[in-house]
Amino acid sequence: MKYACLIYDDEKLFDAMPKGEVDAILGEYFALSDELGQSGHLLGGEALMPVSSATVVRVRQGRTSTTDGPYAETKEQLGGFFLIEARDLDEAIRIAGRIPSARLGSIEVRPVMEFER
């Protein structure tokens, strides 16, 4: 089954970290990505630009409006995701627990809905 591991961090926490500490965390991400790729668990993933670069789009009564910045003020922001293949939720949770940001923020594990076409 496919699961999205949505990675939430406090961007201000990362901004305040020394460069060496950020580099070490990124190294952990790269190593985990390589390992999960080799084991067949990693189907994809990306890091996202800071929430300040976001644009929110809404369509109301046929009119499109945009707003710069995040949708809502939150302590943690969506910083990226892993798309994984796991036997079940328990295995997906074990994998998510290995994502470095699980120690600093949170990882939301959500099953991917698959549609028949």
Side-chain angles (χ1 to χ4, degrees):
M1 183 160 194
K2 293 178 186 172
Y3 292 88
C5 296
L6 305 175
I7 302 166
Y8 291 90
D9 287 301
D10 181 347
E11 290 179 357
K12 292 177 186 171
L13 178 69
F14 271 92
D15 290 343
M17 277 185 196
K19 182 180 179 338
E21 196 171 333
V22 172
D23 290 346
I25 291 170
L26 290 176
E28 290 181 53
Y29 267 103
F30 296 140
L32 180 61
S33 295
D34 290 345
E35 181 185 328
L36 294 176
Q38 291 172 2
S39 70
H41 287 98
L42 185 63
L43 302 175
E46 295 292 339
L48 301 175
M49 295 296 288
V51 73
S52 61
S53 69
T55 302
V56 178
V57 178
R58 292 182 181 88
V59 178
R60 301 291 186 272
Q61 299 176 341
R63 299 181 97 159
T64 302
S65 67
T66 61
T67 305
D68 292 339
Y71 171 72
E73 292 296 323
T74 60
K75 182 178 177 187
E76 296 176 344
Q77 297 78 36
L78 179 62
F81 66 93
F82 281 169
L83 179 62
I84 62 170
E85 182 77 36
R87 283 187 307 278
D88 54 28
L89 179 59
D90 290 335
E91 183 178 39
I93 290 170
R94 282 192 297 277
I95 291 170
R98 297 180 59 210
I99 297 172
S101 288
R103 297 189 315 263
L104 305 168
S106 60
I107 311 299
E108 179 182 348
V109 178
R110 192 182 299 184
V112 173
M113 190 179 297
E114 298 193 37
F115 294 97
E116 297 287 326
R117 289 187 154 229

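Start at 1 with the first residue, then count along the sequence.
For the pair Phe14/Val22, a side-chain contact is recorded, criterion being any heavy-atom separation below 4.5 Å from C-beta on. Within the 4.5 Å cutoff, side-chain heavy atoms of Ile99 are placed close to those of Leu32. Within the 4.5 Å cutoff, the side chain of Arg58 has heavy atoms near those of the Thr67 side chain. Residues Glu108 and Tyr8 meet the side-chain proximity criterion, which asks for heavy atoms closer than 4.5 Å. Residues Asp34 and Tyr29 form no side-chain contact, since every pair of their non-hydrogen atoms from C-beta on lies 4.5 Å or further apart. Inter-residue side-chain proximity for Leu104 and Ile25 is flagged as met; some heavy-atom pair is nearer than 4.5 Å. For the pair Phe30/Leu26, a side-chain contact is recorded, criterion being any heavy-atom separation below 4.5 Å from C-beta on.
Here the shortest heavy-atom pairing between Ala102 and Ala96 reads CB-O, 3.8 Å. Annotation for Pro111 and Met1: closest pair CB-CE, 3.6 Å, computed over non-hydrogen atoms. Looking at every heavy atom in both residues, Gly105 comes nearest to Glu76 through CA-OE2, 3.3 Å.
Using a 3.5 Å distance cut-off with no hydrogens or angles, the side chains of Glu91 and His41 do pair a donor with an acceptor.
Judged purely by atom type and a 3.5 angstrom limit, Glu11 uses its side chain to pair as donor or acceptor with the backbone of Val51. Side-chain atoms of Tyr3 do not come within 3.5 Å of backbone N or O of Ala86 as any donor-acceptor pair.
Salt bridge present: Glu28 and Arg103 bring a charged side-chain N and a carboxylate O closer than 4.0 Å. Salt bridge present: Lys19 and Asp23 bring a charged side-chain N and a carboxylate O closer than 4.0 Å.
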- Passes side-chain contact (heavy atoms from CB on, under 4.5 Å), Asp68 versus Thr55? Steps please. CA-CA 5 Å; Asp68 292 339; Thr55 302; 4.2 Å; yes

- Message: One pair to check against side-chain contact (heavy atoms from CB on, under 4.5 Å): Thr66 and Val56. What are the steps and the verdict?
- Response: CA-CA 5 Å; Thr66 61; Val56 178; over 6 Å; no

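Considering Val112, Val109, Ile95 as possible partners of Ile84, the one that fulfils the side-chain contact (heavy atoms from CB on, under 4.5 Å) test is Ile95.
With values rounded to the nearest 0.5 angstrom, Arg98 atom CZ is found 11.5 Å from Cys5 atom SG. Taken from NZ in Lys75 to CG in Asp9, the straight-line distance is 11.5 Å, to the nearest 0.5 Å. We find the CZ-CG distance between Arg110 and Leu6 to be 6.0 Å, quoted to the nearest 0.5 Å. Atom OG of Ser101 is separated from atom CD1 of Ile107 by 5.5 Å, given to the nearest 0.5 angstrom. Rounding to the nearest 0.5 Å places CZ of Phe82 at 11.5 Å from CG of Leu43. Residue Leu83 holds its CG atom at 11.5 Å from CG of Leu36, rounded to the nearest 0.5 Å.
Under a hydrophobic clustering in which Ile, Leu, Val, Met, Phe, Trp and Tyr are joined whenever their side-chain heavy atoms come within less than 4.5 Å, directly or via other members, Ile7 and Leu13 fall into the same cluster.
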